[in-house]
Amino acid sequence: MKAIVDCNSFYASCEKVFRPELEGRPIVVLSNNDGCIIARNDEAKRLGIPMGEPYFKAKALIEQQKVSVFSSNYALYGDMSRRVMLTLADINPKIEVYSVDEAFLDLADIPIADLLDYGRLIREQVAVWTGIPVSVGIARSKTLAKVANRLSKKEKVKTSGVMVLEDELAEKEALKATSVDDIWGVGRRYARFLRLNGIENGHQLSLQSEAWAYKNLGGIVGKRLIKELNGIPCIELKHGIDKKQMIASTRSFGKPVNTLSDMKEAIATYTSRAAEKLRLQKSAACCVSVFMSTGYFDLRQAYEKDSRFEILLTPTANTNELIAYAMRVTEKTFRQGASYKKAGVILSSIVDENAIQSCLFEPDKPSPKSTILGKAIDQLNKKLGNDTVHFAATGLEKDWKTRSEVRSPEYSTKWKDIPVVSAFHQPKVTP
DNA sequence: TCTGGGGTCCTAGGACCC
DNA sequence: TCTGGGGTCCTAGGACCC
């Protein structure tokens with residue numbers, strides 16, 4: 001059996017840990033640029049605020065209902081995620097960290113009869129050690145565990161946040177209660193297709209033939225999905241963390257960018273962020289892509305997007321070299337007269353830093369001096385705070401910077417943001 | 001005024017090899 | 001009249017995930 005442990009309303013829960021007075025109050029967390037609502041606690045969901053709703057559309061309701069609003073604070077969520085995952089790994093080292101707020105656990109060694117208690121133990125331990133509420137779904141395959149997890153959340157009171165699909169009957173009931181859109185691996189496209197073919201819930205989907213799924217649901221992926229729904233695991237737990245094959249840094253602008261110099265500043269900033277991530281995982285990249293686009297929802301101008309890339313002869317993780325390439329690509333891609341809303345950099349063709357194949361025609365690349373410089377900059381920024389030292393190309397004013405107007409402090413990762421707790425003794429009053 | 005960001009896996013089809 | 005067979009590698013694009 002496998003478990004999926006999923007943090008409830010993760011970002012909203014992280015904010016609440018440090019603001020206990022918000023207990024019982026609705027909370028939402030916004031995407032970058034304070035654009036969309038990407039997390040809501042139960043109280044906010046009950047007010048009918050949909051996931052992914054643009055903030056400005058929900059603003060009236062939010063103000064009227066006195067919903068607490070937070071800009072996203074990824075430093076905080078990343079650190080809380082790390083604490084949750086460490087807690088889970090402490091309980092069960094056979095763990096796959098699947099996303100910032102989810103992990104799969106291998107429960108092959110736990111007797112079926114003990115699984116419910118085991119799930120409850122996980123919930124309690126994580127709650128006590130981190131303050132984050134989680135839900136636990138347990139079943140024979142990852143896909144079925146996901147189904148169980150979702151139902152445990154939906155019927156939180158009845159299931160107390162843990163659901164085990166202990167036999168085929170339980171699997172069948174759970175699948176009947178789950179519409180196809182809510183099955184892991186069925187996205188918008190397939191859901192529409194399935195509904196058109198009269199397949200509404202997970203149980204109906206599980207009855208389809210593998211050949212049919214192969215033909216209609218993305219080949220081998222569809223075939224696996226059918227097996228997983230029938231309790232035959234096809235997606236095994238992955239242990240250890242893989243290096244990323246692609247590293248991106250992309251942002252919407254706080255206000256439109258119309259000049260090449262602003263665009264270059266933004267792209268240089270994103271490039272240096274992506275290069276940091278690249279060095280953090282001890283890799284180098286061969287391909288630098290740059291894209292930029294106008295506002296998708298802007299009716300005053302036609303939507304416009306363009307991207308270009310350049311291949312480096314020698315892979316590198318040096319910010320200065322990557323910026324130089326990115327600037328060239330930016331100049332070719334930028335169109336004078338366009339009003340850009342969003343841009344980004346993607347580094348790909350990633351190799352291990354120990355496996356850099358040097359090029360016959362570039363014997364001195366990557367430049368050893370730049371490599372040493374990069375390491376020194378990373379160390380300074382780690383010790384003294386992000387952006388203590390940066391490349392001039394990334395600009396100073398950053399007029400285009402992403403909006404983030406209601407960001408909470410970095411309670412757990414910044415010395416000056418650590419909460420101060422005042423404790424005092426209050427004599428007990430006996431009635 | 002105003003709508004996020006960062007990933008993975010798979011397949012089809014083209015280019016190429018012997 | 002008539003022109004083989006069996007492969008690999010790479011990329012773009014589509015689907016999905018959180």
Side-chain angles (χ1 to χ4, degrees), chain A residues 4-11 28-39 49-60 62 69 71-74 77-78 81 96-104 142-143 146 149-150 180-194 213-225 228 234-235 238 241-256 270 273-274 277-278 281 286-287 289 291 293-300 303 307 309 311 339 341-350 402-405:
Chain A
I4 176 87
V5 181
D6 187 322
C7 301
N8 301 343
S9 318
F10 183 53
Y11 295 170
V28 299
V29 179
L30 306 178
S31 66
N32 269 331
N33 221 24
D34 293 346
C36 292
I37 290 160
I38 53 165
I49 302 172
M51 176 69 174
E53 175 87 337
Y55 178 39
F56 73 89
K57 284 191 184 171
K59 210 162 185 172
I62 283 173
V69 179
S71 299
S72 35
N73 181 347
Y74 294 107
Y77 312 147
S81 169
E96 172 190 345
V97 177
Y98 176 66
S99 74
V100 70
D101 71 331
E102 283 173 76
F104 287 103
K142 279 185 171 179
T143 308
K146 279 277 203 179
N149 184 287
R150 188 180 152 280
V180 281
D181 330 51
D182 294 321
I183 301 283
W184 192 49
V186 177
R188 265 212 300 275
R189 197 68 192 261
Y190 291 161
R192 197 187 319 140
F193 170 81
L194 290 170
Y214 189 92
K215 193 164 151 242
N216 296 299
L217 299 176
I220 194 71
V221 183
K223 192 168 166 177
R224 279 205 291 249
L225 176 58
E228 283 260 320
C234 297
I235 311 172
K238 275 200 302 202
I241 12 164
D242 294 346
K243 292 189 179 182
K244 303 243 182 292
Q245 301 170 36
M246 179 195 114
I247 289 175
S249 179
T250 72
R251 288 285 176 284
S252 295
F253 300 126
K255 46 176 146 172
Y270 304 154
R273 177 72 195 111
K277 293 193 216 172
L278 194 60
Q281 68 162 30
C286 266
C287 179
S289 317
F291 74 84
S293 66
T294 60
Y296 187 72
F297 300 94
D298 188 349
L299 299 173
R300 293 163 303 182
Y303 181 58
S307 70
F309 65 87
I311 305 287
S339 187
K341 186 70 196 356
K342 182 177 177 172
V345 172
I346 301 166
L347 304 178
S348 54
S349 294
I350 288 175
T402 290
R403 257 193 313 273
S404 189
E405 281 164 3

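Throughout, a chain's letter reflects where its sequence line sits, starting with A, and its residues are numbered from 1.
With the nearest nucleotide of DNA chain B identified for both Lys243(A) and Tyr214(A), Lys243(A) has the one nearer the 5' end. Take the nearest nucleotide of DNA chain B for Arg403(A) and for Val221(A): the residue whose nucleotide is more 5' is Arg403(A).
The residue Tyr190(A) sits close only to the backbone: its heavy atoms come under 4.0 Å of sugar-phosphate atoms, none of a base. Nucleic acid contact for Lys146(A): sugar-phosphate only, since backbone atoms but no base atoms lie under 4.0 Å from a heavy atom of the residue. If you check every strand for non-hydrogen atoms under 4.0 Å, Arg224(A) touches sugar and phosphate atoms only. The residue Lys342(A) sits close only to the backbone: its heavy atoms come under 4.0 Å of sugar-phosphate atoms, none of a base. Counting non-hydrogen atoms under 4.0 angstrom, Asn32(A) reaches the backbone sugars and phosphates but no base. If you check every strand for non-hydrogen atoms under 4.0 Å, Lys142(A) touches nothing. If you check every strand for non-hydrogen atoms under 4.0 Å, Leu225(A) touches nothing. Heavy atoms of Ser249(A) sit under 4.0 angstrom from primed sugar atoms or phosphate atoms, though from no base atom. Counting non-hydrogen atoms under 4.0 angstrom, Lys244(A) reaches the backbone sugars and phosphates but no base. Residue contacts for Ile346(A): at a heavy-atom cut-off of 4.0 Å it reaches no nucleic acid atom on any strand shown.
The stretch residues 29-39 of chain A participates, sequence neighbours left out, in these side chain to side chain donor-acceptor pair (under 3.5 Å) pairs: Asp34(A)-Ser71(A).
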Exercise. In sequence, state the C-alpha distance, the side-chain angles, and the governing distance for Glu102(A) and Glu96(A), and then conclude on side-chain contact (heavy atoms from CB on, under 4.5 Å).
Key: CA-CA 9 Å; Glu102(A) 283 173 76; Glu96(A) 172 190 345; over 6 Å; no

Quiz item: Under the side-chain contact (heavy atoms from CB on, under 4.5 Å) criterion, do Ile62(A) and Ile37(A) qualify, and how do the steps go?
Solution: CA-CA 11 Å; Ile62(A) 283 173; Ile37(A) 290 160; 3.9 Å; yes

Practice problem: Kindly indicate, with the supporting measurements, whether the criterion salt bridge (Lys or Arg N to Asp or Glu O under 4.0 Å) is fulfilled by Lys341(A) and Asp298(A). | Solution: CA-CA 9 Å; Lys341(A) 186 70 196 356; Asp298(A) 188 349; over 6 Å; no

Practice problem: Assess whether side-chain contact (heavy atoms from CB on, under 4.5 Å) is satisfied between Tyr74(A) and Val100(A), documenting all intermediate values. | Solution: CA-CA 10 Å; Tyr74(A) 294 107; Val100(A) 70; over 6 Å; no

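The main-chain N or O of Ile235(A) is found under 3.5 Å from a side-chain atom of Glu228(A) such that the two form a donor-acceptor pair. Formation of a donor-acceptor pair under 3.5 Å by the Gln281(A) side chain with backbone atoms of Lys243(A) is not found in this model. Between the side chain of Asp101(A) and the backbone N or O of Asp6(A) there is no donor-acceptor pair closer than 3.5 Å.
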Quiz item: Pairs counted as Watson-Crick or G-U wobble with both distances under 3.5 Å: what dot-bracket string results for DNA chain C, using | for bases tied to another strand?
Solution: ....||||||||||||||

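Within the 4.5 Å cutoff, the side chain of Ile38(A) has no heavy atoms near those of the Leu30(A) side chain.
Contact check of residues 96-103 of chain A against DNA chain C (heavy atom, cut-off under 4.0 Å) returns Tyr98(A), Ser99(A), Asp101(A), Glu102(A).
With sequence neighbours excluded, the residues forming a ring pair (Phe, Tyr, Trp, His ring centres under 6.0 Å) with Phe104(A) are Tyr98(A), Trp184(A), listed by chain and number. Residues satisfying the ring pair (Phe, Tyr, Trp, His ring centres under 6.0 Å) criterion with Tyr303(A), sequence neighbours excluded, are Tyr296(A).
A nucleotide of DNA chain B counts as in contact with chain A when one of its atoms lies under 4.0 Å from a heavy atom; the first and last such, 5' to 3', are dC2(B) to dT11(B).
A gap of 25 Å separates the P atoms of dC18(C) and dT3(B), to the nearest Å.
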